[in-house]
2 protein chains.
Amino acid sequence: MAGQDRFPAQDAEILSNPLRRTEGEEATAILRERVLNGDLAPGERLHQVPLALSLGVSRTPLREALVNLAQEGLLEYEANRGYTVRRFGMEDIQQAYAVRARLEGFACWLCATQGLPEAAAARLRACLEAGDRILAAGTLTPEGLPPYRAMNVEFHETLLACAENRFVRSFVHQTQNVPMASDRLFVWEDHAIIRRSHDDHHRILRAILAGQGERAEALMREHVTFAWEVLRDLLRR
Amino acid sequence: MAGQDRFPAQDAEILSNPLRRTEGEEATAILRERVLNGDLAPGERLHQVPLALSLGVSRTPLREALVNLAQEGLLEYEANRGYTVRRFGMEDIQQAYAVRARLEGFACWLCATQGLPEAAAARLRACLEAGDRILAAGTLTPEGLPPYRAMNVEFHETLLACAENRFVRSFVHQTQNVPMASDRLFVWEDHAIIRRSHDDHHRILRAILAGQGERAEALMREHVTFAWEVLRDLLRR
DNA sequence: GCCCTCCCTCATGTATCCAATCCTAAGAGG
DNA sequence: CCTCTTAGGATTGGATACATGAGGGAGGGC
């Protein structure tokens with residue numbers, strides 16, 4: 001995902017020229033990854049000159065990146081003292097998931113209430129079928145993980161897009177802009193859990209298509225909440 | 001969400017040096033106001049040199065401001081083509097209120113569930129009493145509006161702070177970062193409406209103190225939803 | 001007459017330079 | 001021995017100079 005932003009489906013990114021990116025945008029993407037991956041230690045001060053050198057750009061585009069990431073909440077800024085990597089604790093991740101559960105639930109409610117465009121319904125059905133195929137073996141092989149993850153992302157992103165509320169969409173993305181809190185990173189080796197999770201997807205789409213807003217919302221909220229519990233138990237070890 | 005949150009009550013703003021602000025921060029604040037006030041026409045292209053001149057700064061801090069506002073969603077950016085003022089429609093405001101109703105409702109649920117610190121409860125009670133006094137006359141005089149508005153802001157901000165979820169707080173602020181969508185701008189001349197709204201506040205606090213999470217959440221959601229309806233009717237005229 | 005191309009101008013993106021601020025540490029005084 | 005003061009270097013903030021890509025108009029070809 002070299003030239004791609006973290007959220008490939010972001011409207012602006014794909015509609016406008018994805019090829020011509022400024023160094024500032026490039027630096028933003030790279031630094032964001034570094035922070036989310038933990039390459040930069042929490043609390044670490046970011047000195048501009050060495051950082052710019054390591055990125056092969058001058059201080060100007062670097063500063064643009066720092067401003068961006070500070071506003072995304074990944075960095076902290078103090079005037080005349082520079083930027084530091086934000087310290088994230090379990091509470092941050094917990095808070096992110098708590099909000100995300102509500103927001104994605106709301107998105108499902110919106111989808112159920114407004115109705116899905118046929119094209120979107122088809123895409124979602126395709127996601128479910130793809131998941132079915134991957135899980136058909138009875139166990140999720142290591143080779144099956146990347147496509148499953150991609151399917152998972154597309155399912156959630158499609159719902160967010162169909163909710164037609166740019167704030168919900170943006171906010172959900174922001175909750176994923178926290179180390180460890182991205183659903184792109186899940187490492188559920190437990191087949192039973194992933195099976196159940198995929199079953200949630202089936203029920204969610206069914207509820208939405210049936211116009212059952214409250215049910216779809218409750219299902220999605222639980223879906224995300226449970227993902228948090230799994231992640232929490234995993235992080236505790 | 002990080003660096004600039006346009007709400008003076010933010011702890012970071014007042015605790016850290018409020019005096020020493022960088023020109024970039026200054027320019028961000030000024031430009032943000034200009035966009036929210038409509039001083040800059042929607043869709044208008046922002047040329048950097050004249051803008052910098054009008055702000056009395058050079059392009060460097062100006063660009064910092066543009067980056068900030070673009071990520072706040074107030075401006076749109078296209079590489080090598082510059083920034084334009086985002087066009088906001090009724091749907092944007094409606095979406096903002098819809099999300100805000102949910103988020104502030106969630107914040108109330110959190111407050112009720114976690115319990116309020118005594119200091120916060122005292123502040124909220126003081127808000128209610130202040131509102132009672134202002135409305136005691138039986139009609140809201142023009143001189144009564146600013147203090148009522150300040151009280152209203154403090155009430156909501158206090159609840160958001162007590163929810164102890166930085167995402168909720170940040171997201172609510174972001175939904176207010178939309179022209180016309182700030183609760184600082186309400187112009188309810190109708191005394192009955194404002195009376196009812198203040199009664200909501202009373203009930204919300206009572207529900208929270210009684211640990212009635214669902215009730216507090218429902219009350220706040222309705223409180224915000226109704227504010228939207230009033231605003232919508234007002235904008236239609 | 002219409003369209004295509006080339007070139008010129010202007011705006012943006014990037015680099016560098018200068019100024020202001022902060023941190024450190026050494027030294028003097030108590 | 002501790003503390004306060006004060007330079008010095010280092011780092012960030014802001015201004016300006018340079019490079020690159022976008023847009024528009026004039027001119028020529030079809």
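Note on naming: letters A, B, ... go to the chains in the order of the sequence lines (proteins, then strands), and numbering restarts at 1 for each one.
- Atom CD of B/E64 is separated from atom C1' of C/dG13 by 16 Å (rounded to the nearest Å).
- By the 4.0 Å N-to-carboxylate-O rule, B/R221 lies too far from B/E104 to be salt-bridged with it.
- Heavy-atom minimum distance, B/G73 versus B/R86: O-CD, 3.1 Å.
- Atom pair B/E78:CD and D/dG21:P shows a separation of 16 Å (rounding to whole Å applied).
- One finds no side-chain N or O of B/R59 lying less than 4.0 angstrom from the OP1 or OP2 phosphate oxygen of C/dT12.
- For A/Y77, a side-chain nitrogen or oxygen approaches OP1 or OP2 of D/dG13 to under 4.0 Å.
- Per the geometry, OH belonging to A/Y83 stands 10 Å off P belonging to D/dT12, to the nearest Å.
- Contact between the side-chain N/O atoms of A/S58 and the OP1/OP2 oxygens of C/dA15 is found at a separation under 4.0 Å.
- Residue A/N80 contributes atom CG, which lies 7 Å from atom C1' of D/dT12 at whole-angstrom precision.
- Taking a cutoff of 4.0 Å between a charged side-chain nitrogen and a carboxylate oxygen, A/R87 and A/D92 do not qualify as a salt bridge.
- B/E78 has no carboxylate O lying under 4.0 Å from a charged side-chain N of B/R45, or vice versa, which leaves the two without a salt bridge.
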Check nucleotides 8-11 of chain C for protein N or O atoms closer than 3.5 Å to its own N or O atoms and list the pairs.
| from | atom 1 | to | atom 2 | distance (Å) |
| --- | --- | --- | --- | --- |
| C/dA11 | O3' | B/R45 | NH2 | 3.4 |

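- Between the CG atom of A/L53 and the C1' atom of C/dA15 there is a distance of 13 Å, rounded to whole Å.
- Separating the CE atom in B/M90 from the CE atom in B/M180 is a distance of 11.0 Å, to the nearest 0.5 Å.
- Look at CZ on A/R63: it is 15 Å from P on C/dT16, rounded to the nearest Å.
- With salt bridges taken as basic N to acidic carboxylate O contacts below 4.0 Å, none links B/E164 and B/R169.
- Distances shown here put every side-chain N or O of A/T60 at or beyond 4.0 Å from the OP1 or OP2 atom of C/dT16.
- The cationic group of B/R102 lies under 6.0 Å from the six-membered ring centre of A/W109 and within 45° of the ring axis, placing it in a cation-pi geometry.
- The side chain of B/E23 approaches D/dG14 more closely than any other nucleotide in the set C/dT14, D/dG14, C/dG13.
- Remark: P of D/dT16 and CG of B/L62 are 14 Å apart, rounded to the nearest angstrom.
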